[in-house]
Amino acid sequence: MGKDPSPIPNHGQAPGTRFASALNEAQYRAVTHPGGPLLVIAGAGTGKTRTLVYRVAYLVERGVDPRSILLLTFTRKAAQEMMERASRILDARCEMVAGGTFHSFANLTLRRYGSLLGYPASFTIADRSDAEDLVNLIRTELGFHKNKARFPKKRALMNIISRAANCQVPVGTVLAEEYPQYEDLAPEIEKIAETYALYKQERAVMDYDDLLTKCRDLLRDHPDVRRRISWTYEHILIDEFQDTNAVQAEIGAFLASEHGNIMAVGDDCQSIYSFRGADFRNIMDFPKRFPDCTVVTLEENYRSTQPVLSFTNAVIQNAREKYSKQLFTRTAGGTKPVYARPSSEIAQALYVLQKIQKHLQDGVPAHEIAVLFRAGWHSNDLEVLLNKNGIPFVKYGGMKFIEAAHIKDVLAFLKAALNPADAVSWHRILLLIEGVGPTTAKRLAESVHKKGLEALVSKPLQKRKYAATLQAFHDTMTRLAAGREPVSEKMEAVLTTYQPLLEAKYDDAPKRTPDLRSLAQMAERYESVEALLADLTLESPEQALAGEDTPRRRKDHVVLSTIHSAKGLEWETVFIIYLVDGHLPSSYALNDDDGIEEERRLFYVAATRAKRHLYLVAPKVQGPASFYSLATGGPSRFLFEIGRLGELVRREA
DNA sequence: TGTGGATATTTTTTT
DNA sequence: AATATCCACA
């Protein structure tokens, strides 16, 4: 999120003047657009966020009820920041704008209207790993795991199923196009996909894809609801439109169906989510979907110095699709990006550490320094070094709080209590009990589903050595289901039940306990367990915690981030590490051209985050040619393909 | 039926 | 190099 160089306070000037002086001509046109469809193509650092923020302020000032503006962004944090900024420009009314991600919007909508599709308001959301576990259960149940040789693993299966949902094509098509090695297994995989869908429907469980597709179905098949929602939100604003998929685009269109006031903002060069079904061509199809649409292009870059911009322009120049804009800046001065080639991975971490220390000494605030990389583990070495040298950092992307096994355990208790039909959660918590394996867990989960909680304390079970634990489960669950108590007390009840199981299961239990405490702390701020679960599942906890103590603490923290998670952000100094063929571009993308194109855009996104200093670090990767490092060779091809590289960068080390 | 140890895979990125 | 899955034994 770019910071406002000059937030314009409201001094009661005539509205036109105020907005005009804070914006360039193109931005102004977008902000004051009278109504109807509007597409803003905004290059990196051209004030995309600024334009959206001013648009909100403009609409509110013109008398639009803020609650009837819907701002769909990539993260909830992004939406919140935009609303805060709009409030600074205008007034607190802007805080009341309805904002969030497509997924969180879909969640709320489906809680309210899901009954029309046969879902109770208490449906649970299965995150990616829940979904994988479920698919795995189904696979085992259908007996496909001992088929011929290589049946895809749960992860691959889920990728296939999810892709089919995101691209709205049959599983068979996905297999034919992306997984030819599994094509002869199509009937089996389709069977799994069907069973999976059926299960979710029956048990009131939704995965991430369901949230979108069911929301779309609701809007499509229930005209009365569609009309009602469309009139609730008179203005639809969509950020990062290049990373929306077909379903999201449909939702956007349905939301605008009554009034046509839809504003989409994006940059086709920065589309990096095709693995989730996003297609940058979506943005080009926008005018087709809305023939009377106005298109505004933002080309003046306010973020980077000329040397950085020259380099990034050269990077994107090699894209196969030619883009319709050439960025320029009026910012003079600056230094060329630095290209370094450390002799090993360790040397790379050391190099970055030393440079970070130097910039800190030069007075660059820690939070203006970021290290970006392709995959979560790329920062491992560096993390160790930073710790050793007492440099605090925050990391975005990669392994998340909510993915830790002990957190998932606790959440499974809450989900199971909320939705007793959610056999995956039941399965998970029952397996925690010593003496209970997959078979017993499955049986117990089924009988709870059929007969209710009493099934846990039935006569035959009393003899088992774990009868006491089941009794404890029963009591805790009964208590949770009864409601009434505040969320924090429910959480405490779960933690008390869970603690002994935690200690039995993990040798490093003491290390994990603090996480449970912070979970308890988060719980205090919620009115309902549903809301807590939804937030935890639909946004990363750094964001969920944002209101808490983090902002201040983050000030003196260097940022480590995957490139994907760096979207929309900017820093004074940016390091891109592992700029090596096989890492960036990733070896998984080397097979097809579209893959390479997307990797290039990824590199472009990373490089365009830099305001003043950009470091391109390509370590010599050594070690045995394992499966892993097989494709890792020299420096990234994206460097070699730049003809005048020598002129654009300064070589070091 | 559960558990622990041996053996094959396989790892991007995220809501 | 780490993890998921499989297998044999208790």
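Just so we're on the same page: letters track the sequence lines, and every chain starts at 1.
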Please determine, for the side chain of A/S565, which listed nucleotide (B/dT14, B/dT10, B/dT15) has the closest atom? B/dT14

For A/F102, answer base if it contacts any base atom (sugar-phosphate contacts may also be present), sugar-phosphate if it contacts only those atoms, and nothing otherwise; contact means non-hydrogen atoms under 4.0 Å. nothing

Of the options B/dT15, C/dT5, B/dT14, whose atoms approach the side-chain atoms of A/T562 most closely? B/dT14

Please give, in whole Å, the distance from B/dT13 P to A/E598 CD? 14 Å

A/P438 has its side chain closest, among B/dG2, C/dA4, B/dT15, to B/dG2

If you check every side-chain atom of A/Y182, which of B/dT15, B/dT10, B/dT1 has the closest atom? B/dT10

Tell me if the aromatic rings of A/F275 and A/H564 count as close, with their centers under 6.0 Å from one another. yes

For A/E434, does the CD atom have more than 12 heavy-atom neighbours from other residues, nucleotides or ligands under 6.0 Å away? no

Within this structure, what is the CG-to-P distance between A/L560 and B/dT13, rounded to whole angstrom? 15 Å

Do A/Q168 and A/R216 have side-chain N/O donor and acceptor atoms under 3.5 Å apart? yes

On DNA chain B, nearest-nucleotide positions of A/T439 versus A/A156: which is more 5'? A/T439

Atom-to-atom span, CZ of A/R464 to P of B/dT1 - whole angstrom: 9 Å

Among B/dT13, C/dT5, B/dT15, the one nearest A/R128 by side-chain distance: B/dT15

Return no unless some side-chain N or O of A/S586 is found under 4.0 Å from OP1 or OP2 of B/dT13. no

Distance in angstrom units between A/N245 CG and B/dT14 P, rounded: 17 Å

Any A/R155 side-chain N or O less than 4.0 Å from OP1/OP2 of B/dT9: no

Nearest whole Å is fine: how far is B/dT1 C1' from A/K465 NZ? 10 Å

Taking the six-membered ring for Trp, are A/Y273 and A/F280 ring centroids under 6.0 Å apart? no

In whole angstrom, give the distance that lies between atom CG of A/L432 and atom P of B/dT3. 11 Å

Regarding the side chain of A/Y588, the nearest nucleotide among C/dT5, B/dT13, B/dT11 is B/dT11

In this structure, how many angstroms lie between the C1' atom of B/dT15 and the CG atom of A/L110, rounded? 14 Å

Can you check whether A/H406 and A/Y498 have ring centres sitting under 6.0 Å from each other? no

Against the side chain of A/T440, the closest entry in B/dT11, B/dT14, B/dT1 is B/dT1

If you draw the axis of the six-membered ring of A/F123, does the NZ or CZ of A/R111 fall within 45° of it and under 6.0 Å from the ring centre? yes

What integer distance in Å separates A/L137:CG from C/dA4:P? 15 Å

Hey, is A/F275 stacking on B/dT13? Ring centres under 5.5 Å, planes under 30°. yes

For A/I272 and for A/K153, find the nucleotide of DNA chain B with the closest heavy atom, then tell me which residue's nucleotide is more 5'. A/K153

